[in-house]
Amino acid sequence: MTRSNLFRAIIMGAPGSGKGTVSGRIVKSFGLKHISSGDLLRSNIENRTELGQIADKYIREGKLVPDIYITKCILSELEQIKTHSWLLDGFPRTRDQADDLWHQERIDSVINLEVPFEVIIERIQSRWVHLPSGRVYNVGFNDPEVPGRDDVTGEPLSQRPDDNPVAVRKRLEVYDACTRPINEYFEKKGVLKTFKGSTTDEIWPHVKQYLEATME
């Protein structure tokens, strides 16, 4: 596959918007490599790389890992997969990160999922998690086979303390304030595509149709 035939996309979406599910469907349907900034950072920390040790120090001190390290981590990973199409998830998180990425890589599309805050708050209230693995279940949508138990291990599920409505709304407001400049940046570049809806099943057909047309 030549460089001109490659497809490079970013996916944006608030916590609880279904971004993880949509990302999984995109990867499965179109064969893109999924690059998660969170997974990449955790991998570096676990493997005790130079970047991982630096990041771990900031995290242990309760501080945000500076842009320069996150950007270096992502750009280094993308450099290694230049012959592949990819979907970038969790990056950029700031306007400066967006600018650095834009000048380093060709971005074909920024897929932005827009779900009403009230829908997300209601959805997260019904969310149960298997904390050791991170597997998530939603009552009425993605129920565990046995109520209150993880499908794989059978261990008890729990709700995160910060999944209460007040805390969730605050997280969403912070997300909105942080990502609005990023979306405006990519909109000016002509690559932002926003999909609105209340459920993943409502949004996904439009994302799929868009990608089928764009990637022809």
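Below, all heavy atoms of this structure are taken into account, side chains as well, without hydrogens, waters or symmetry copies.
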Problem - salt_bridge(Glu184, Lys188) N-O dist < 4.0 Å - result: no

Is the shortest side-chain heavy-atom distance between Leu87 and Lys33 below 4.5 Å?
no

Across all chains, not counting sequence neighbours, the salt bridge (Lys or Arg N to Asp or Glu O under 4.0 Å) partners of Arg171 are Asp162, Asp163

- [ ] Mind running side-chain contact (heavy atoms from CB on, under 4.5 Å) on Met215 and Leu32 for me, showing each step along the way?
- [x] CA-CA 11 Å; Met215 295 176 66; Leu32 277 65; 3.7 Å; yes

Above 12 or not: heavy atoms from other molecules or residues under 6.0 Å from CD1 of Ile68? no

Within 6.0 Å of CZ in Arg25, more than 12 heavy atoms from elsewhere | yes

> Between the side chain of Tyr175 and the main-chain N/O of Gly13, is any donor-acceptor distance below 3.5 Å?
Replying inline: yes

Heavy-atom check, side chain of Glu173 versus side chain of Asp176, under 4.5 Å: no

Under 4.0 Å between a Lys/Arg side-chain N and an Asp/Glu carboxylate O for Asp150 and Arg135?
yes

So the side chain to side chain donor-acceptor pair (under 3.5 Å) pairs with at least one residue in residues 41-53 (sequence neighbours excluded) are Asp39-Arg42, Ser43-Asn47, Asn44-Thr49

* Let me see the working for Glu105 and Trp86 under side-chain contact (heavy atoms from CB on, under 4.5 Å), right down to the final yes or no. => CA-CA 11 Å; Glu105 297 285 346; Trp86 44 253; 4.1 Å; yes

- Heavy-atom check, side chain of Glu118 versus side chain of Glu122, under 4.5 Å: no

Any Phe91 side-chain heavy atom under 4.5 Å of Leu101 side chain: yes

Are Asp100 and Lys72 ion-paired here, with the side-chain N under 4.0 Å from a carboxylate O? no

* Asked: According to the interplanar angle, ranging from 0 to 90°, do the rings of Phe30 and Trp204 count as parallel (below 30°), tilted (30 to 60°) or perpendicular (above 60°)?
  -> perpendicular

Check your understanding: Within a strict 4.5 Å, meaning less than it, do heavy atoms of the Asp89 and Ser37 side chains meet?
Key -> no

Subject >> Beyond-backbone contact of Glu202 with Lys196, side-chain heavy atoms, under 4.5 angstrom >> reply: no

Problem - Contact check, side chains of Thr214 and Phe7, non-hydrogen atoms, under 4.5 Å - result: yes

Asn112 side chain vs Lys193 backbone, donor-acceptor pair below 3.5 Å: no

Exercise for review: State, yes or no, whether a side-chain contact exists between Met12 and Glu114 at a heavy-atom distance under 4.5 Å.
Suggested key: no

| field | Arg149/Glu155 ion pair, N-O < 4.0 Å | value | no

Discussion item. Side chains of Tyr137 and Asp143: any donor to acceptor distance under 3.5 Å?
Written reply: no

